[in-house]
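Everything on this sheet refers to the single structure shown next.
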Protein chains: 2
Amino acid sequence: MAVSMHDVARHAGVSQRTVSNVVNGYAHVAPATRARVQASIEALHYRPNPIARRLRRGRTSTVTLALPSLHERYFADLAAAVVAEARLRELKVLVETTEGDREVELRILRGGDLLTDGVIMSAVALTAEDEKIRHPDYPLVLVGDRQLRSQIDHVGADNRRAAREAVLHLLDTGRRRIALLGVGHGPTRTFNLRRRGYTDALTRYKLPVDERLLIDSTWTRAGGEAAIARHLASDSPPFDAVFAMNDSAAFGAMRAVLRSGLKVPADVAIVGFDNIDEAHSSVPSLTSVGPAYADIARAALDLLQVQADSQGERQPEQRRVPFELHVRESSTPPSRKSRA
Amino acid sequence: MAVSMHDVARHAGVSQRTVSNVVNGYAHVAPATRARVQASIEALHYRPNPIARRLRRGRTSTVTLALPSLHERYFADLAAAVVAEARLRELKVLVETTEGDREVELRILRGGDLLTDGVIMSAVALTAEDEKIRHPDYPLVLVGDRQLRSQIDHVGADNRRAAREAVLHLLDTGRRRIALLGVGHGPTRTFNLRRRGYTDALTRYKLPVDERLLIDSTWTRAGGEAAIARHLASDSPPFDAVFAMNDSAAFGAMRAVLRSGLKVPADVAIVGFDNIDEAHSSVPSLTSVGPAYADIARAALDLLQVQADSQGERQPEQRRVPFELHVRESSTPPSRKSRA
DNA sequence: ATGAAAGCGCTAACAC
DNA sequence: GTGTTAGCGCTTTCAT
C-alpha cells in the first residue's frame with residue numbers, strides 16, 4: 001500500500017487532522033507545524049489518495065462526456081472544448097462513445113454507472129418518449145441540434161441568429177442582392193430557422209425579400225453548382241452574393257460562379273454554413289459560420305453545475321449559444337485587399 | 001444521501017455481506033435470499049456507489065489518456081481507438097489535453113494526480129533527460145513516433161515494415177521502376193526506416209536499387225510536385241510508380257504526373273504515407289499507409305496491464321505495431337477496373 | 001449460506 | 001491551533 005495521511009501524521013508527530021489541514025491549505029496551522037508536516041510529506045513522498053477524497057467529499061469533480069464518436073471533426077472539436085473548459089474549472093472529463101447506439105444512450109439517460117458528477121451527452125438515437133426513464137437526480141445536459149426536449153436541459157446553437165449574422169456581414173460589406181441557396185431541402189426545422197435569419201437581416205436593412213433569389217437546391221456540392229449555373233444561365237435577376245445553407249452547396253456555387261466567368265469575391269461574395277475544414281484551405285477560402293465550441297462547452301458545464309446545486313425543483317432550460325462567423329476570402333469586401 | 005448497501009440489507013433482512021454477494025453475482029447465495037435481496041434493490045432503487053467500490057478495491061478501472069490536442073485527426077482517431085478498446089476491457093478513459101506543454105507532460109510523468117490506474121501519453125515536449133523524474137510505481141505508456149526511450153514502455157508504429165508493405169504492393173501489382181520521393185528531408189530517423197523498407201521490398205523481388213530513382217524533395221506538396229516535374233522533364237530514367245514519404249508530397253507528385261500528360265494509375269501508380277483525409281476524397285483517391293489505431297490502443301492498454309501486474313522488476317518494452325495499407329485508385333492495377 | 005466487523009484513506013464535526 | 005474520531009459505502013476476512 002502507498003503511504004497514507006496517517007503515516008505522515010505519525011512521522012511528523014501530529015494528528016491526521018493537521019496533515020489534512022496542511023494538504024488542503026487551510027488557515028490556522030502554526031508555521032512551525034506546517035513546515036514539519038511538509039517535511040514529512042516530502043520525506044515519505046506522500047500523495048493524497050484522490051479516490052478516498054472523492055468518497056469522503058461525495059463529489060467526483062469529474063463529468064462524463066458521451067458522444068457518438070470522435071472520428072467526426074465536430075465531435076472531436078466539441079470534446080476538445082469540453083476538456084479545455086473543464087480544466088479551467090478543475091474538473092476531469094471521462095469520455096465515452098455511444099456509436100449512436102440507442103441502448104447505450106438509454107443507459108446513460110438512466111444515470112450510467114453514476115461514476116461522475118453528471119453527463120454531457122450528444123444524443124442521436126433517443127426519442128422524446130425516452131426522456132421519461134431519465135435518472136431523476138443525476139445531472140444531465142444534452143447538446144446538439146436535435147429537437148427541443150421539454151424535460152432535459154439542452155444546449156444548442158442559434159441557427160437563426162447565425163444566419164442573420166452571416167447575411168448582415170454581406171450587407172455590411174455592400175452586397176444588396178443576396179441569393180439564398182438550398183431552399184426546399186435539408187432538415188426542415190434547421191432550414192426554417194436559417195431562412196428566418198436571412199429575412200431578419202434583410203429586414204434590418206429595410207430590404208424586401210426577392211423570391212427569385214431564393215434558390216431551390218439540395219445541400220450538396222453538385223446540387224449547389226447545378227442550381228447556381230441554372231440561375232446564371234437563365235434570365236433570373238442577378239445576385240452579388242450567395243448565402244448557402246451549408247459549405248458543400250457553397251463550394252458548388254463557387255464553382256458555378258467561377259465557371260461563368262464571374263469573380264469571387266469581386267463580383268459575387270459567397271458565405272457557407274458549417275465551417276468545414278475545406279473552408280479555410282480552398283482557393284479562395286470560404287467565409288462560413290460554424291459552432292462556437294467554447295460557448296457550447298461553457299454552457300453545458302454551467303448547466304451541470306446548476307443542476308448539482310438545485311434540489312430538483314427547476315424548470316429545464318434551453319440554452320442557445322451563438323455560432324461564429326469566420327470571414328475569409330470568398331466574402332472579403334472588394335474594396336479591401338484579400339488576405340493571404 | 002443516496003440509498004446504500006446497508007439500507008438494502010436492512011430492508012431485505014439480511015446482512016450487508018449478502019447484498020454484496022448478490023450485487024457482485026457471487027455463487028453460494030440461496031435462491032430465495034437472492035430473490036429477496038433483488039426485490040429490495042429494486043424497491044429502493046439501489047445503485048452501488050462506484051467510488052466506494054474503487055476505494056475498497058484499490059483499483060479505479062480507469063486510465064488516463066493524455067494527448068496534445070483533439071483537434072488533429074491523428075489524435076482524435078487515437079482517442080477513439082483507446083476509448084473503444086478500453087470499453088472492451090471494462091475500463092473508463094479520462095481524457096486530458098496537454099497542448100504540448102512540457103510542464104503538463106512533466107506533471108503526468110510524475111504520476112499526475114494518481115487518479116487512475118495509469119496513463120497513456122503522447123508526449124511531444126519531453127526530453128530523454130526528463131524520464132528520470134518519472135513516478136516509479138505509476139503505470140505509464142508512451143505512444144507515438146518519438147525517439148525511443150530507454151526506461152519507459154513505448155508503443156510506436158513500424159515505419160520500416162509499413163514502407164516495405166507499400167512497396168511490395170506496387171511490386172505485386174506489376175510495377176518495377178519505383179521512385180522514392182522525399183529523399184534528403186523529413187525526420188532523419190523516420191526517413192531512414194522508410195527507405196530501408198523500400199530497399200527491403202526491392203530486395204525481396206531481387207531488384208537492385210536504382211539511385212536515380214531516389215528523388216530528392218521536401219515532404220510537401222510543392223516540393224513533391226517540383227521534384228517530379230523536374231525528373232520528368234530531364235533525361236532521368238522513367239518510373240512506373242512513385243512511393244512518397246508522405247501524402248502531401250504524393251499529391252504534389254500526382255499533379256506533376258498528370259500535368260505531364262501521363263495517367264494515374266495507368267502509367268504511374270502513386271502511394272503516399274499518413275493516410276490523411278484528402279487521400280480518400282481526392283480524384284483519383286490516393287493509396288496510402290496509415291497508423292493502425294486499434295493496434296496501438298491494444299498494445300498500450302496491454303502494457304499498462306503488464307505494468308500493473310508486475311512488481312517493478314521489468315525491463316521497459318518497445319512495441320512496434322504495423323501500419324495499415326489503404327489501397328485506393330492511385331495504385332489500382334491497370335488491368336483491373338478502378339473502383340468508384 | 002450468511003453474519004459481524006474491520007478497514008480502504010480521507011474530511012470534518014466536535015472537543016479542548 | 002491541534003487532537004480525537006466518526007463515518008463516506010463498499011469488499012472481504014473470519015466466524016458460524
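Order of the sequence lines sets the chain letters (A, B, ...), proteins ahead of strands, with each chain counted from 1.
- An OP1 or OP2 oxygen of C:dA1 is reached within less than 4.0 angstrom by no side-chain nitrogen or oxygen of B:Tyr26.
- Within the 3.5 Å criterion, the main-chain N or O of B:Gly144 finds a donor-acceptor partner in the side chain of B:His154.
- Using a cut-off of 4.0 Å between Lys/Arg side-chain N and Asp/Glu carboxylate O, B:Asp153 and B:Arg314 are scored as salt-bridged.
- Of the candidate nucleotides D:dT11, C:dT11, C:dA1, C:dA1 has the atom lying nearest to any side-chain atom of B:Ala30.
- For the pair A:Arg53 CZ and C:dC10 P, the interatomic distance rounds to 8 Å; values are reported in whole Å.
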Give the C-alpha distance, both sets of side-chain angles, the deciding distance and a yes or no for salt bridge (Lys or Arg N to Asp or Glu O under 4.0 Å) between A:Glu90 and A:Arg87.
CA-CA 5 Å; A:Glu90 304 196 320; A:Arg87 199 181 154 86; over 6 Å; no
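- Ion pairing between A:Asp302 and A:Arg89 holds under the 4.0 Å rule for side-chain N and carboxylate O.
- No side-chain donor-acceptor contact under 3.5 Å links A:Gln307 and A:Ser310.
- Side-chain proximity of B:Thr33 to the nucleotides C:dA1, D:dT4, D:dC10 is greatest for C:dA1.
- Using a 4.0 Å heavy-atom cutoff across all strands shown, B:Ser4 reaches sugar-phosphate atoms only and no base atom.
- The 5' end of DNA chain C is approached more closely, in terms of each residue's nearest nucleotide, by B:Val14 than by the other of B:Val14 and B:Arg56.
- For the pair B:Arg17 and B:Ala52, nearest-nucleotide mapping onto DNA chain D gives the more 5' position to B:Ala52.
- Atom-to-atom, CG of B:Asn49 to C1' of D:dG7 comes out at 14 Å; the value is rounded to the nearest Å.
- An OP1 or OP2 oxygen of D:dT11 is reached within less than 4.0 angstrom by a side-chain nitrogen or oxygen of B:Ser20.
- In this structure, A:Asn24 reaches the C:dT11 phosphate: one of its side-chain N or O atoms is under 4.0 Å from OP1 or OP2.
- Look at NE2 on A:His6: it is 12 Å from P on D:dG3, rounded to the nearest Å.
- The side chain of A:Thr18 has D:dG3 as its nearest neighbour among C:dG9, C:dT11, D:dG3.
- Scored by the salt bridge (charged side-chain N to carboxylate O under 4.0 Å, His left out) test, B:Arg298 finds B:Glu85, B:Asp295 as partners (sequence neighbours excluded).
- Residue B:Arg10 contributes atom CZ, which lies 20 Å from atom P of C:dT2 at whole-angstrom precision.
- Nearest heavy atoms, B:Val93 versus B:Thr62: N-CG2, 4.4 Å.
- At whole-Å resolution of the value, CE in A:Met5 and P in C:dA12 are 11 Å apart.
- Counting atom types as modelled, B:Arg54 pairs no side-chain N or O with a base atom of D:dT11 as donor and acceptor under 3.5 Å.
- As rounded to whole Å, 16 Å separates atom C1' of C:dC10 from atom CZ of A:Arg47.
- Note that the two end axes of the helix from C:dA1-D:dT16 to C:dC16-D:dG1 enclose an angle of 40°, each drawn from 5 base pairs, rounded to 10 degrees.
- Rounding to whole angstrom units, CD1 of residue B:Ile51 and P of D:dG7 are separated by 21 Å.
- The separation between B:Leu55 atom CG and C:dC10 atom C1' is 8 Å, rounded to whole Å.
- Under the 4.0 Å criterion applied to side-chain N and carboxylate O atoms, A:Lys92 and B:Asp113 are assigned as salt-bridge partners.
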